[in-house]
Amino acid sequence: MSIANLARRVVRALTPYQSARRIGGNGHVWLNANEAPLAYPFTVEGSRLNRYPECQPAEVVNGYAAYAGVNPNQVLVSRGADEAIELLIRTFCEAGEDQILICPPTYGMYAISAETCGVGIVEQPLTASRQPDWPAIADRLSDVKLVFLCSPNNPTGDLVGRKGLVALLEKARDRTIIVVDEAYIEFCPEASVADLLTQYPNLVVTRTLSKAFALAGIRCGFTLGDPEVIAMLAKVIAPYPIPEPIAQIAAQALSPMGLDLMRERVLELNKQKALIKAELTRLPCVREVFEDKGNFVLVRFIDGAAVFAAMKAAGIILRDFSSKPGLDNSIRITIGYQGEMDAVLQVLRELCVNTPSAASV
Ligand SMILES: *Cc1c(COP(=O)(O)O)cnc(C)c1O
């Protein structure tokens with residue numbers, strides 16, 4: 001008998017999240033994890049490291065609250081948005097009893113966190129226009145504790161429609177928590193739904209420093225919600241979730257200078273996104289360019305496998321979504337700086353000369 005048989009059933013059966021780092025790959029152009037292309041050199045001061053850090057570092061909580069336009073008691077800081085997702089499930093779902101609802105294709109961690117917690121998953125796929133299926137979700141509200149929506153959605157790039165969301169929040173009042181994952185909201189800040197938090201105590205918004213803030217390496221994310229929801233999550237979170245050096249870096253990222261840098265980065269990446277999108281729509285080997293509200297663009301090619309292989313051969317690592325329902329031949333390209341985008345386009349131009357065009361298929 002293997003010692004692994006001692007593990008819980010769900011853990012033995014689990015396929016872990018295929019993170020970009022876990023999949024690995026060799027290459028010099030990394031466009032597979034929606035990270036920012038360049039790092040900013042933050043400084044860390046080491047004189048307090050003999051002490052445990054604050055559970056919820058005040059400077060970080062206050063800085064994020066000011067940035068997000070909410071009160072500090074509406075903010076929880078965690079080890080990335082991924083920990084926020086798991087905390088929500090552990091706080092609100094009874095193992096072996098409760099369920100969450102997700103709208104695939106979407107971010108993979110909602111399902112994986114639910115599975116590891118022994119919590120059921122109701123799948124309500126996005127509609128043909130890649131919106132949450134509002135009537136179908138409303139029908140399932142009494143069966144689920146949490147609904148996870150992602151806006152902009154990873155990997156399709158679509159925003160969740162505000163009208164549909166507001167109607168759902170009304171129907172879900174006192175019954176179900178609606179989580180809107182805004183990991184990429186800095187790339188289209190006008191689309192945030194955080195302003196609805198004051199009206200709807202059942203709305204929760206998750207955020208991260210990993211994408212637009214260029215800090216995936218420090219693992220720092222946020223939950224915005226009703227003070228009562230935040231207080232519940234704070235009961236469940238680990239006693240010292242945010243290491244002191246991380247708190248220092250996050251505080252710098254949320255300072256006026258840090259926010260300026262972030263907004264400049266967003267402008268530049270959105271510019272690169274518009275440029276590559278225009279080029280992609282002209283290429284005959286491209287069948288469809290999806291919505292582009294994040295720092296990535298999902299592209300359906302005539303032959304996705306050939307594109308993925310050619311990129312790999314050229315040292316460019318992308319993320320393949322072709323095995324996901326409705327996403328055959330689709331590859332997600334993270335928006336990087338100019339040189340990286342040029343490298344992608346060069347491979348595609350060479351490949352497209354040798355592939356049949358959409359019209360002839
Ligand atoms: C990247 C990502 C996250 C995870 O963010 P971390 O703060 O790095 O854990 C959460 N949700 C979505 C949709 C993401 O794409």
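All ligand and atom numbering here is 1-based and tracks the order in the structure. We count residues from 1, following the sequence as given.
Results of the side-chain contact (heavy atoms from CB on, under 4.5 Å) test with F222 over T206, L209, T208 single out L209 as the only residue that passes.
Remark: the backbone N or O of V77 is paired with a side-chain donor or acceptor of Q56 at under 3.5 angstrom.
In this structure, Y110 and Y107 have perpendicular ring planes: the angle between them is above 60°, well past the 30° mark.
Near ligand 1, heavy-atom contacts under 4.0 Å come from G80, A81, D82, Y107, C150, N154, D181, A183, Y184, T208, S210, K211, R219.
A salt bridge does not link R265 to E186: none of the charged side-chain nitrogens sits closer than 4.0 Å to a carboxylate oxygen.
Connection of I185 to L298 is not established within any shared hydrophobic cluster, with ILVMFWY side chains joined at heavy-atom distances below 4.5 Å, either directly or through further cluster members.
A pairwise comparison of heavy atoms in N32 and R332 identifies O-NH2, 2.9 Å as the closest pair.
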